[in-house]
Amino acid sequence: LGELELIEYIRSLASRERPTWLEVGIGDDAAVIRLPGGDRVVVTTDMLIEGTHFERGTAPEAVGYKAVARALSDLAAMASSPLCTVAAVSFGASHSPDWARRLSKALLESAEKLGAPLVGGDTSSGTAVLSLTLTALGLPGPKGVVRRAGARPGDAVCVTGRLGGSLMGRHLTFKPRTQEALELAGRFDVHAMIDISDGLSTDALHIAQESGVGLTLRAEAIPISEDACVMAGRRGPEDSPIRHALNDGEDYELLFCLSQADAVAAAQSGLAGAPVSIIGIVTAEKQSFILCPDGSREPLRGGGWEHLKR
Ligand SMILES: [Mg+2]
């Protein structure tokens, strides 16, 4: 059972009685709820597990920061601004009271610093390893939310920043692309957007599936981070920088689709906080591909994290 299949199953159970106040439900980066007064709230929740999302021995300050930043990255993917957060922590057997205090302080300070003050939560213990769940609430940007669905044939596919190799350290220190997402949605008509948490290949397929289109990515156009180059080759000669950029995940960059004219303008000017690269095109044909430097075309396969597939 893959993560996608499980989400599909949960969605099939939930879709039968969809309330009218639910504007975006299961299957996007966050849900969008319309309140009785007409305002909208964006909500997402995210789990961090010791051994999966960070190594045992990671400083509690880094763990707390990452938990908040990941949740806010999901709000950014919806072109939404952060409002507040709540956290639930279960401490593992090995965590001292001092460690617990440092994590709590880090959660509060990180949430404050990233613009989403912590307003509540719950603590427990008894699990073998630390588990930390962060829920973030946000408000749609001035032009409303941007969903995964909405990419149109002929659109350009774009990405912020540089991809791959986040395990070298960036996965603990990245800044969620909140401002960049709001700037993008303010300046351009962004048709679809996601944050790259599972890996470019997997997250591109999420946009394709939700939009009912195909994406063709140009390998040569994908911006590769220096970390990806450092990590490449460690697992043999097949282990290339582009593979890391495609599949590593935890980049927390924005992947988005918009008209060619808007994409060219965005790529030329960049955003205040990040460069923008045009890496592909949206097609009516529903299959997704990667164009290799030698001109050949391969089906795009999700090579990123699928947490349930081992
Ligand atoms: Mg996401």
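In each ligand, atom 1 is the first atom listed, and ligand 1 is the first ligand listed. Starting from 1, each residue takes its place in the sequence as its number.
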Are side-chain N/O atoms of T283 and T216 paired as donor and acceptor at under 3.5 Å?
-> no
Under 4.0 Å between a side-chain nitrogen and a carboxylate oxygen: does that hold for [X] and [Y]?
{"X": "E109", "Y": "K113", "answer": "no"}
{"X": "E210", "Y": "R147", "answer": "no"}
{"X": "R170", "Y": "D251", "answer": "yes"}

Checking only N/O/S atoms, does D198 have one that is under 2.8 Å from the Mg ion (ligand 1)?
-> no
Relative to the Mg ion (ligand 1), which of the N, O or S atoms in D195 is the closest?
-> OD1
Can you give me the OD1-the Mg ion (ligand 1)-OD1 angle for D74 and D29, to 10°?
-> 100°
